[in-house]
Each structure stands twice: as C-alpha cells, then as structure tokens.
Amino acid sequence: MSKFYITTAIPYVNARPHIGFALEIVLTDAVARYHRLKGDDTWFLTGTDENSLKNVQAAEKEGISTAQLVERNAQYFHDLRDLLNLSFDDFIRTAAEARHFEGVAKLWQAADHNGDLYKKTYRGLYCVGCEQFYTEDELINGLCPEHLTRPDLVEEDNYFFRLSRYGDKLLELIESDQLRIEPRTRKNEVVSFIRRGLEDFSVSRSTRRAKGWGVPVPGDPDQVMYVWFDALGNYITALDYASEGPLYERYWLDNPNRVHVIGKGIIRFHAVYWPAMLLAAGVPLPTTIFVHGYVTVEGEKISKSLGNVIDPRDVVQKYGVDAVRYYLLREIPATEDGDFSTERFIRTYNSYLADQLGNLLNRVVNMVGRYYDGVIPAPRDYTPAEQGLLDLAASLPGRVDVAFERFRPDEAITAIWELVSAANKYVVEVAPWTLAKTRAAGGPDGAAAEARLATSLYSLAEALRLVAHYATPFIPASAEGVCRQLGIELDPSGDWAHITQWGGLAPGARVQPGGVLFPKLEAPKA
RNA sequence: UGCGGGGUAGAGCAGAGGCAGCUCGUCAGGCUCAUAACCUGAAGGUCAUGGGUUCGAAUCCCAUCCCCGCUACCA
C-alpha cells in the first residue's frame, strides 16, 4: 500500500463549469478511485479560485457583494460532486477560508525570508474600462480591444519573485524526472522554455486596483497577492500547511506521490512558477504534473462567441452520469485534444455500454435464471475454452496498472473491455443453450453437459465480477449495478491482488435481474 | 523566427527496419441466451509528397507541403 495525493486545477468562478473542466475532474476522479481501489491511502483535492478582480467586477454588475457572487458560483462547481459522481475528499475555496489565507501568507513569508521577493516598479498599459493591463500585442492599433480607447501608461510598485534564480535547479529536477511532467512532449516544452532563460514575475497588485479583494501581502496593506501565490498555494494550504498539520505531513511531506492534474494552458505556472515558489519556501515539490488536452465540441474550440459551450448538467441529464464519464475517459485521449460530438457519444454508449457490457450482463443473468433457478453454479473442470478468459483476466492487473501509471484511463478501459468482448465470444463458443438441451436429455452426455454448463455460466459471472471491479473508477454507479444483478457486492477491502484473482466469485450467489442497465439511445438522425 | 508533436481505411487511432493493424461505421453470413443485441467473414489504404540508405522502409536519412502546441506575468 502506498500513498497518493492528487489535485485538479482550481477553476475561476466567473462562469458555470463546462465540459472541459468536467474532463479534468472526471479524469482526476478516475485516477483517485483507482488508487483507493488498490488500497492506497488516497487524498483528492479540488476547489475554486476566487480572488480575481473579475469577480469584483462581475459582482458590481449584478449588484451583489463579491463574497456572495463567488459563494454562489463556487456552489456550481461543488455541485459537480453529485452530478458527476465525484469522490473528492476536500474542496477548497480561496476567498473564504482561513486555512488558505494563513497558508498563503506563510508561503509568502517563507519565500520572502529566503530573499526571493522584492519591490519593483511595474509599468504597463492599463485600460480603465477593463481594469486590467494589456501587453502591446493584445492591443488593436494601440487601442483596448474591448473599449477601443487608448490605455494609460500606469506605474505601480509591486512585489516580484526571483524566478531567475531557479532556472538551473528546475532544469535539473525536471530533466531527471524528480519533478515528472507527463506526457513527454509537455516536458520538452517546459525544458525548452526554461532553457531560454527565466525572468522574475510580478506577484502582487495594489490593494486599490484590486479593490481590496484578495489575500493581503503580509506587512504591506497597500498590496494584495496576485494569482500565483494565492491560487497555486491551494495545493498545500488545503492540507493545513499553515499549521503543518497532520494532513500536510501525511500527504505532502511523507508521501512519494503528489500529483497535479492540469490543462495544457496552465502548464508553465505549474511546472515552472509553482515549483520555484516552493523551492524558495523550502517546501517539497509536487512529484508529478500530468497535462491533459482540451475538449472540442463537434470539432470546434469551445468558446462563448461560438455559443457551443456545453454544460455538463445538460448531458448528464440527457444521458446519465456514467455515460458521460465513460465517454470522457475512453473517447478523449487523456494527453491529446479530443472531440465531444453527439453522434460519437451515442455510438460509443450504444456499442460499449449497451451492446457489449449491458447485454452481456443481461444474457448471463438470464441464463443463470433459466438454467440454475437464479443461483450461480460452482465451476467444474476448466477446459481450453475457458483458458482465453483466464489468461486475459490474469493479464489485466498489470496492464491496467501500467495504463494508470501513465495517466491513460482510455488505455485501461480498452484493456478491460477486451475481457467483455472475450466473454461475449465465449458465450457463442460454448453455447450454453445447446448444453442445456443436452443436459435435459439425460444420460452420460447429459451429465457432461451439466458440468460444462455450470463451468461456463460461472466463468461468465466471474468475468463480469472482474469487469465490474475494474470499471469502478470509470463508471462507479454502473459497476455497482452489475454487481447488484449478479447478487454480489463490490469488494471494498482494497486488497487488489485478491479482488483481481480469478475465482473470487463465491458460487451460490442469487442473481437479481434488475432490468436494462444501459438502455439503448436513439441513433442520431442521419 | 526558434523549439516540440503530428499527417496510416469513411471516422477515431495503434504500429518505429521483416506479410499494413485495432475500434466504430458499411456489406454478407451464423446464432437464438440476450437490449434487432452477440459471433464469423468480406470490402475498404500509393502509410502527406519527392528523393536517398537497405536484400527489405509507415518505420532510418535529406528535402518539400500541410496541421497542431509552446515561444512569459494571459489559469
């Protein structure tokens, strides 16, 4: 048994969650659930990033307080827990929690004591209407793209972080995989970025410009922290870094697996800024950063102006939570961009869940009912016909483990579904309905047929038990549903070697026909 | 501009010197336990293009054309 700490990025709360964040959090959930299944001491954190000036502006527009606005919007994200059947252990809100304010202040001070924070005049092009800075190339003909006015050249004292000090150290850690960045192409990106030389970056804003919203800089009431210390710090403040409490000890200090799951757009902040900040503060670094791709919708980038933003609530309501989880985990390759298309969604669901798994369960439960009065029989001698199933089952623990080690749930599912497919083939090969007829005829042939029939139905039920357990991280509710119909329960012991061993199903279980687990979806109109 | 990844069947992808594969889709057949599901078989590819190395190249080398990511304070 090992330990495992895993986090998602914390999203801005200025809009409802969309399908892209659903991908990240479902992906993280599947990995966390897998580690729990294996008996690892697992902690899964998510939360919301609330200390942004944009929230202040949005609240003003709506005529409510900023605290009210972020609280309401944070709820949308917390609601994903039920909606997507998530298993996070903790949810941190950066604007609302003392542990966060205190932890971030401590992190700041530690970096400061190390001499890595200093004050410098920041000069930038500031649009009063937007209340934000623009870089030259963001402007259109030198004008603010939003208001088409000429931005002011504003000077302001801010604190800067000495990132420039840490290039060599970061390179060493990343190239040696002490800080592992997956997939490899993302690691290359980061390495080549660092090689080009690192510049210090600004880590505070004037309190006035931030309208007083944010975490105050310790000892300087005129400044609040900018997003870096504040938002990135959540990964340890949520573990009570402020007091270096038991969670911090258990999941950060004394744990070889500290994993951040992030989208490709924020890799630099997590793979460069954040580790450097931790080095400055004398805090251990994360061990792994996994970078996933983005979701496109019907082949198009998600964007508000295109109006193709998908709310996970809508798809879950329409198709069910496990259908959505399955699609995200299997059809979107974790390391690449992947497309969310209704047509493909329905095809995937119908083929893998309804036709292959659901139908297999149905036929097995039905045959046990018909030929053994609903009681799963004990197997007799295994023959070459079963060998394929047994060999495949024996290969799965290793293959699934490798897949998760690489953060590739899609590969794990593909491997698991080979067992579903093999079981469907096996049904046709042994043709239990023919055996049942021979059995009914009696005589020595009938006795032999009885043995074959018992062995085959047991083997099929056992294959389904294994599939259900392997499928738990991906489609937890349906995995339970499979077990319920088999008349057994998911094994919560965490004894993975035992769970995945062929023969774990105790004969004598009474199947519970429970109707269709995955009702087929109407094919999209051609 | 530089760095990185990629272009393989209608779609999505695997293969990294030795008969071009997988899933979905399409077509034909089989089966009747099952959700018209399942099983078997078939059709479908100039492996982006041009050249080279090799007995042999999707695979290695050179060139070209496309696509995508990164190219800093933008979560």
Are [X] and [Y] an aromatic pair by the rule of ring centers under 6.0 Å?
| X | Y | answer |
| --- | --- | --- |
| A:Tyr371 | A:Trp433 | no |
| A:Phe290 | A:His270 | no |
| A:Phe345 | A:Phe340 | yes |
| A:Phe404 | A:Phe474 | yes |

- prompt: Taking the inter-plane angle between the rings of A:Phe161 and A:Phe201 on a 0 to 90° scale, is it parallel (under 30°), tilted (30 to 60°) or perpendicular (over 60°)?
  reply: tilted
query: Do the rings of A:Trp228 and A:Phe269 sit parallel, tilted or perpendicular, given the 30° and 60° boundaries?
result: tilted
Distances for protein N or O near nucleotides 5-9 of chain B N or O, under 3.5 Å:
none

Inter-nucleotide P distance (B:C61, B:G69), Å rounded: 26 Å
message: Say we look at B:A34 and B:G6: how far apart would their C1' atoms be, to the nearest angstrom?
response: 43 Å
- line: Residue set satisfying salt bridge (Lys or Arg N to Asp or Glu O under 4.0 Å) with A:Glu480, at least two apart, ordered chain then number -> none
statement: To the nearest angstrom, the CZ-C1' distance between A:Phe193 and B:C74 comes to 12 Å
query: For A:Ile181 and B:G4, what is the distance between atoms CD1 and C1' respectively, to the nearest whole Å?
result: 14 Å
field: Those residues that, when tested against A:Val321, pass side-chain contact (heavy atoms from CB on, under 4.5 Å) (two or more places apart)
entry: A:Asn85, A:Val316, A:Arg325
Shorter than 3.5 Å, N or O on both sides, protein versus nucleotides 36-38 of chain B: list them out with atom names.
from: B:A37; atom 1: OP1; to: A:Lys520; atom 2: NZ; distance (Å): 3.1
from: B:A37; atom 1: O5'; to: A:Lys520; atom 2: NZ; distance (Å): 3.0
from: B:A37; atom 1: O2'; to: A:Asp355; atom 2: O; distance (Å): 3.2
from: B:A37; atom 1: O2'; to: A:Asn359; atom 2: OD1; distance (Å): 3.4
from: B:A37; atom 1: O2'; to: A:Asn359; atom 2: ND2; distance (Å): 2.6
from: B:C38; atom 1: O2'; to: A:Arg363; atom 2: NH1; distance (Å): 3.0
from: B:C38; atom 1: O2'; to: A:Asn424; atom 2: O; distance (Å): 3.4

task: Determine, stepwise, if the pair A:Leu329 / A:Asp410 fulfils side-chain contact (heavy atoms from CB on, under 4.5 Å).
output: CA-CA 6 Å; A:Leu329 291 167; A:Asp410 50 324; over 6 Å; no
Under 3.5 Å side-chain donor-acceptor pair for A:Tyr12 and A:Asn73: no
message: Could you tell me if A:Thr28 and A:Thr8 have a donor-acceptor pair between their side chains, going purely by distance under 3.5 Å?
response: no
Protein N or O to nucleotides 66-69 of chain B N or O, pairs below 3.5 Å:
from: B:G69; atom 1: O2'; to: A:Arg186; atom 2: NH1; distance (Å): 2.9
from: B:G69; atom 1: O2'; to: A:Glu189; atom 2: OE2; distance (Å): 3.2

query: For A:Ile289 and A:Ile262, which heavy atoms make the closest approach, and how far apart are they?
result: CG2-CD1, 3.7 Å
Select base, sugar-phosphate, or nothing to describe what [X] touches, counting heavy atoms under 4.0 Å on all strands.
| X | answer |
| --- | --- |
| A:Arg344 | sugar-phosphate |
| A:Tyr371 | sugar-phosphate |
| A:Ile10 | nothing |

- prompt: Would A:Trp433 pass as stacked on B:C33, i.e. its ring centre under 5.5 Å from the base's six-membered ring centre and planes under 30° apart?
  reply: yes
message: With a sphere of 6.0 Å drawn around NZ of A:Lys119, does it hold more than 12 non-hydrogen atoms of other residues, nucleotides or ligands?
response: yes
field: Lys NZ or Arg CZ of A:Arg439 over A:Tyr372 ring: under 6.0 Å, within 45°
entry: yes
query: Using Watson-Crick and G-U wobble pairs with both distances under 3.5 Å, what is the 5'-to-3' dot-bracket string of RNA chain B, with [ ] for crossing pairs and | for pairs outside the strand?
result: .(((((((.[[[[.)..(..]]]].(((((.......))))).....[[[[[..)....]]]]])))))).....
message: Under 4.0 Å from OP1 or OP2 of B:A34: is there any side-chain N or O of A:Asn366 that close?
response: yes
Syn/anti label of B:A28 as read from its glycosidic torsion, with the cut at 90° from 0: anti
